[in-house]
Amino acid sequence: MSQEPDSLVVALAGRRIDAEGAEERRFPLENVASVKARLRLAFADAKVRALVCSAACGVDLVALEAAGELGIRRRIVLPTNRAAFRASSVVDRPGAWGELFDRVVAEVAAKQDLVTLELGTGDESYRAANRAILAAAGKLADLPEAWIVWNGSPRDPSDITLHFANEARAQGLSVREFLTVSA
């Protein structure tokens, strides 16, 4: 599908909210408002017409909410069914993520833009979801852009956000980075 003039499709991945007592700050709960404001501004400045991502607590849901406020089309790719994903990747961290997940997923599903892969919740399922997010973005535009929103460095070589960025680069996509913590 050809990209509309002056519009962009974004495939996005990033950090979940830090767990209680996390030793390393990757996405502290207190940074949600500032990250959302930066993403909202970036979406508007880049004239984003569609966002493709998962719906985990943290970056995914923050971006989905910001995009929805701007009237941007949202496509969600989940590696497993809603209930399993909600339990493993949404409500297991601090913050009121469950209600936001339920609302955003219902809005997206009503527009036929929810993709459920039924793969499970392990790292290989999340890697497969990364590939599916990039593929879905590629169906919406000839040349989507990949955005990663993270603390600026991988946890280790198997980091899922790093995997997303590497997959995007391997496909020749531009990768734009945003920070969840102060530089």
Side-chain angles (χ1 to χ4, degrees), residues 1-17 26-27 31-79 85 89-90 97 100-101 103-105 107-117 126-152 154 159-181 183:
M1 172 180 282
S2 293
Q3 188 160 312
E4 295 172 17
D6 293 326
S7 68
L8 179 66
V9 171
V10 169
L12 178 139
R15 294 290 182 230
R16 293 180 56 214
I17 287 296
R26 292 187 179 97
F27 190 5
N31 291 4
V32 166
S34 65
V35 169
K36 181 180 175 186
R38 286 196 314 273
L39 285 173
R40 187 180 162 101
L41 182 61
F43 289 152
D45 286 349
K47 297 182 177 141
V48 173
R49 70 176 168 88
L51 170 68
V52 183
C53 63
S54 196
C57 68
V59 167
D60 294 346
L61 284 172
V62 167
L64 286 162
E65 185 176 42
E69 291 168 359
L70 293 170
I72 294 169
R73 179 180 179 183
R74 301 169 291 175
R75 174 161 286 172
I76 294 174
V77 177
L78 299 179
F85 187 82
S89 299
V90 178
W97 299 103
L100 179 58
F101 173 84
R103 178 177 55 81
V104 169
V105 169
E107 291 168 0
V108 170
K111 294 187 177 190
Q112 311 302 312
D113 267 329
L114 175 64
V115 177
T116 304
L117 303 176
Y126 298 130
R127 286 185 195 90
N130 280 346
R131 290 187 289 273
I133 288 166
L134 292 165
K139 288 179 182 174
L140 297 176
D142 291 333
L143 193 61
E145 201 169 275
W147 290 10
I148 61 170
V149 188
W150 66 339
N151 56 309
D159 186 279
I160 301 299
T161 303
L162 176 64
H163 173 267
F164 179 85
N166 289 341
E167 286 285 319
R169 287 182 182 109
Q171 294 178 26
L173 301 182
S174 170
V175 177
R176 185 170 174 189
E177 294 186 39
F178 298 83
L179 293 178
T180 55
V181 294

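Between the CG atom in Leu12 and the CD1 atom in Ile133 there is a gap of 8.0 Å [rounded to 0.5 Å]. Taken to the nearest 0.5 Å, the CG atom of Asp113 stands 7.5 Å off from the CG atom of Leu140. If you take CG on Asp159 and CG on Asn166, they are separated by 9.5 Å, rounding to the nearest 0.5 Å.
Pairing each heavy atom of Asn130 with each of Ile160, the nearest pair is ND2-O, 3.1 Å. Taking each heavy atom of Ile72 and Val48 in turn, the nearest pair found is CG1-O, 3.4 Å. In terms of heavy-atom proximity, Gln112 sits nearest to Arg75 at O-NH2, 4.3 Å.
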Derivation and outcome, side chain to side chain contact (heavy atoms under 4.5 Å, CB included), residues Val9 and Arg49: CA-CA 6 Å; Val9 171; Arg49 70 176 168 88; 3.7 Å; yes

Expected list for residues 53-61: side-chain donor-acceptor pairs under 3.5 angstrom, two or more places apart:
unit_1	atom_1	unit_2	atom_2	d
Ser54	OG	Val77	O	3.0
Asp60	OD2	Ala55	N	3.4
Asp60	OD2	Ala56	N	3.0

Could you pull out all donor-acceptor pairs under 3.5 Å where a side-chain atom in residues 170-179 meets a protein atom, sequence neighbours excluded?
unit_1	atom_1	unit_2	atom_2	d
Glu177	OE1	Trp150	NE1	2.9

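Remark: Glu65 pairs with Lys36, Arg103 by the side-chain hydrogen bond (donor to acceptor under 3.5 Å, both in side chains) rule, at least two apart or across chains. Residues that satisfy the side chain to side chain contact (heavy atoms under 4.5 Å, CB included) test with Ser34, not counting sequence neighbours, are Asn31, Arg38. Evaluation of the ring-ring contact (aromatic ring centres under 6.0 Å, His included) rule for Tyr126 yields no partner, not counting sequence neighbours. With sequence neighbours excluded, no residue forms a side-chain hydrogen bond (donor to acceptor under 3.5 Å, both in side chains) with Trp97. Residues passing the side chain to side chain contact (heavy atoms under 4.5 Å, CB included) test with Ala37, sequence neighbours excluded: none. In this structure Arg74 satisfies the side chain to side chain contact (heavy atoms under 4.5 Å, CB included) test together with Leu64, Ala67, Val104, Glu107, Val108, sequence neighbours excluded. Residues forming a side chain to side chain contact (heavy atoms under 4.5 Å, CB included) with Asn151 (at least two apart in sequence, or on another chain): Arg15, Glu24, Arg26, Ser153, Thr180, Val181.
At least one side-chain heavy atom of Phe164 sits less than 4.5 Å from a side-chain heavy atom of Leu134.
Applying the ring-ring contact (aromatic ring centres under 6.0 Å, His included) definition to pairs two or more places apart or across chains, those involving residues 36-62 are Phe43-Trp147.
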